[in-house]
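In what follows, a structure is listed as structure tokens, so that the remarks can point back to it.
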2 protein chains.
Amino acid sequence: MSLKEGSRRRGQELEDAILDAAWAVLDEHGYSGFTFEAIAARAGTSRPVLYRRWPQRTDLLLATLTKFWAGQPIPLPDTGNLREDAITLLRRAGVGRARMITLLGTQLMDYFRETGTSFSDLREQLLPADRRRGGFETILARAVERGEVPDVPRSARVVNLPFDLVRHDMLMTLRPVPDESIIEIVDEVWLPLIR
Amino acid sequence: MSLKEGSRRRGQELEDAILDAAWAVLDEHGYSGFTFEAIAARAGTSRPVLYRRWPQRTDLLLATLTKFWAGQPIPLPDTGNLREDAITLLRRAGVGRARMITLLGTQLMDYFRETGTSFSDLREQLLPADRRRGGFETILARAVERGEVPDVPRSARVVNLPFDLVRHDMLMTLRPVPDESIIEIVDEVWLPLIR
DNA sequence: GCCTTAAGGTACGCAGCTGTATCTAACGAT
DNA sequence: ATCGTTAGATACAGCTGCGTACCTTAAGGC
């Protein structure tokens, strides 16, 4: 234990430090780099400490995702204008923690292979029911309330289209989607389909 | 060498066997399982044989992709009807070798991290220029020629939309996209945008 | 048959990681 | 201060995989 302040972390403080480290390791090195060795080193602790809490790698993964994905919703914009909400939300998808969550499906292919599951399954498992609706359902519902778009039934396919396309682009390029692409998706694809 | 027939493979025959094995290993175990050890074992050869040809794992990966992706185009349907072509092509994306290619971007996240590249970069690198257009550009061009849809400029975004959405769905579920989803994408999203 | 090339086998040393056992020391509660 | 719990350190054994060296043997060409 290399901490200079002389105190050992215990309980929740230690657990938080470990999960912070785990998330950072997952982000930087993917699931193949998500090892007890790497995470313990990153957290400045020893492997038995991790094993005591999470006997399997998958346990630690789920704990990490519960904290950083399930436990912290992405804030939704509420600009009073649907197009602005959509564009803002799509921009958010490409940076920071949200970026990581957007690309999580790709980071966890080995986990899915091991467990015979998929990103959809994981989402079902970890997110509370009210969180499973995408952000686009919410901002569209608000627009309907404001009378900005007609109140007609729309398939989830159409509602979530912008986000799906942005995620796809991010997967292809591993870069944030440029603004002109975001605007293209909203203006040329999505808005024509919902208006 | 455990082959019963008593002969050693040489030259192209051996190389084909290795690349076949490499592709199978990549498909079943992803990039993290794409090891000299695993591929040599799968090919029934020894590791030094692999190292002699491909000194680095990335060399072997590129050779494998060149053979199984760049070297074998996915056949495009030509039914004489755009909707039929589209639906058939999307069905094809979910099975066999085409499925693997569709999901390749997700399988290679570790490679991209190592090399600082992306799936888009890889496609630029490996596919000849005429192959970089998606199948949807071709089937749409045919429909324009047949006079089935008007000859107006369309963004690559709109043209390739069905394929992007199917790939996204496949990533989410790791299963073939059900027919009703394919039909939804074509009928409710794509055709309205191009007609 | 001879020679060259390359396939195939094996061994070595090393690194990284896992899972676990054991011991010491710090922390918190009493 | 004492006790119980747990953090932290370390060691061990084992496995996988890498990179390479060395040797034997098979295949192909002349």
Side-chain angles (χ1 to χ4, degrees), chain A residues 1-22 24-26 28-64 107-108 110-111 113-115, chain B residues 1-22 24-64 107-111 113-115:
Chain A
M1 181 63 171
S2 56
L3 287 185
K4 295 279 178 60
E5 308 265 338
S7 286
R8 287 180 172 183
R9 299 160 300 185
R10 286 180 85 86
Q12 196 59 46
E13 182 195 359
L14 176 62
E15 197 160 306
D16 283 343
I18 294 169
L19 295 178
D20 289 351
V25 167
L26 183 62
E28 290 165 29
H29 303 289
Y31 187 60
S32 64
F34 189 83
T35 63
F36 278 83
E37 192 84 37
I39 294 158
R42 187 63 173 263
T45 188
S46 68
R47 287 183 291 117
V49 174
L50 269 56
Y51 281 109
R52 270 181 216 127
R53 289 171 155 76
W54 304 285
Q56 315 254 11
R57 182 160 78 139
T58 49
D59 301 328
L60 180 50
L61 177 71
L62 295 182
T64 306
Q107 299 279 34
L108 299 178
D110 285 350
Y111 170 79
R113 191 178 286 110
E114 275 169 37
T115 56
Chain B
M1 180 65 175
S2 57
L3 286 187
K4 295 284 179 54
E5 307 264 338
S7 288
R8 285 179 176 184
R9 298 160 300 184
R10 286 177 83 88
Q12 197 59 43
E13 183 196 358
L14 176 62
E15 197 160 307
D16 284 344
I18 294 168
L19 294 179
D20 289 350
V25 166
L26 182 62
D27 189 13
E28 290 164 29
H29 302 290
Y31 187 60
S32 64
F34 189 83
T35 64
F36 278 84
E37 194 81 41
I39 293 158
R42 187 63 173 265
T45 187
S46 67
R47 287 182 292 119
V49 175
L50 270 56
Y51 280 110
R52 274 183 213 123
R53 289 172 154 74
W54 304 286
Q56 314 253 14
R57 183 161 77 140
T58 49
D59 301 328
L60 179 52
L61 177 71
L62 295 181
T64 308
Q107 299 278 33
L108 298 179
M109 287 295 287
D110 285 350
Y111 170 79
R113 191 178 289 112
E114 275 168 37
T115 57

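A, B, ... follow the sequence lines: proteins, then strands. Residue 1 opens every chain.
Electrostatic pairing of A:R42 and A:E37 does not count as a salt bridge here, judged by no charged N lying under 4.0 Å from a carboxylate O.
When rounded to the nearest whole Å, the span between CG of B:L60 and C1' of D:dC18 equals 14 Å. A straight line from CD of A:E13 to P of D:dT5 spans 21 Å, rounded to a whole angstrom. In this structure, CD of A:Q12 is placed 14 Å from P of D:dT6, rounded to the nearest angstrom. One interatomic measurement links the two molecules: CG of B:L50 to P of C:dA6, which rounds to 16 Å at whole-angstrom precision. Rounded to an integer number of Å, the gap from CD of B:E15 to P of C:dA6 is 12 Å. Nucleotide D:dA7 holds its P atom 7 Å from the CD1 atom of A:I18, rounded to whole Å.
The backbone N or O of B:F36 lies less than 3.5 Å from no partner atom in the side chain of B:R57, so there is not a single donor-acceptor pair.
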Expected rows: protein N/O vs nucleotides 10-15 of chain C N/O, under 3.5 Å:
none

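Smallest separation of non-hydrogen atoms from B:I18 and B:A43: CA-CB, 3.9 Å. Annotation for B:S46 and B:A40: closest pair C-CB, 3.9 Å, computed over non-hydrogen atoms.
Evaluated for a salt bridge (Lys or Arg N to Asp or Glu O under 4.0 Å) with A:E15, the options A:R9, A:R53, A:R52 yield exactly one hit, A:R53.
Shown for residues 30-40 of chain A: no residue has heavy atoms falling under 4.0 angstrom of DNA chain D. Sorted by residue number, the members of residues 51-59 of chain A with any non-hydrogen atom under 4.0 Å from DNA chain D read A:R52, A:R53.
Taken from CG in B:L62 to OG1 in B:T115, the straight-line distance is 9.0 Å, to the nearest 0.5 Å.
A:L61 has its side chain out of reach of A:W54: every pair of non-hydrogen atoms, C-beta onward, lies at least 4.5 Å apart. In this structure, the side chains of B:T45 and B:I39 stay at 4.5 Å or more apart for every pair of heavy atoms.
For the side-chain contact (heavy atoms from CB on, under 4.5 Å) test, residues two or more places apart in sequence or in another chain that qualify with A:R113 are A:D110, B:Q107. With sequence neighbours excluded, the residues that form a side-chain contact (heavy atoms from CB on, under 4.5 Å) with B:T58 are B:Y31, B:Q56, B:Y111, B:E114. For A:D59, there are no salt bridge (charged side-chain N to carboxylate O under 4.0 Å, His left out) partners at least two apart in sequence or on another chain.
Between C:dG8 and B:T45, a contact under 4.0 Å exists linking OP1 or OP2 to a side-chain N or O.
Taking only distance into account, the side chain of A:R8 meets the base of D:dA7 through a donor-acceptor pair shorter than 3.5 Å.
Of the candidates D:dG8, D:dT5, C:dT5, C:dT5 carries the atom nearest the B:R10 side chain, counting heavy atoms from C-beta on.
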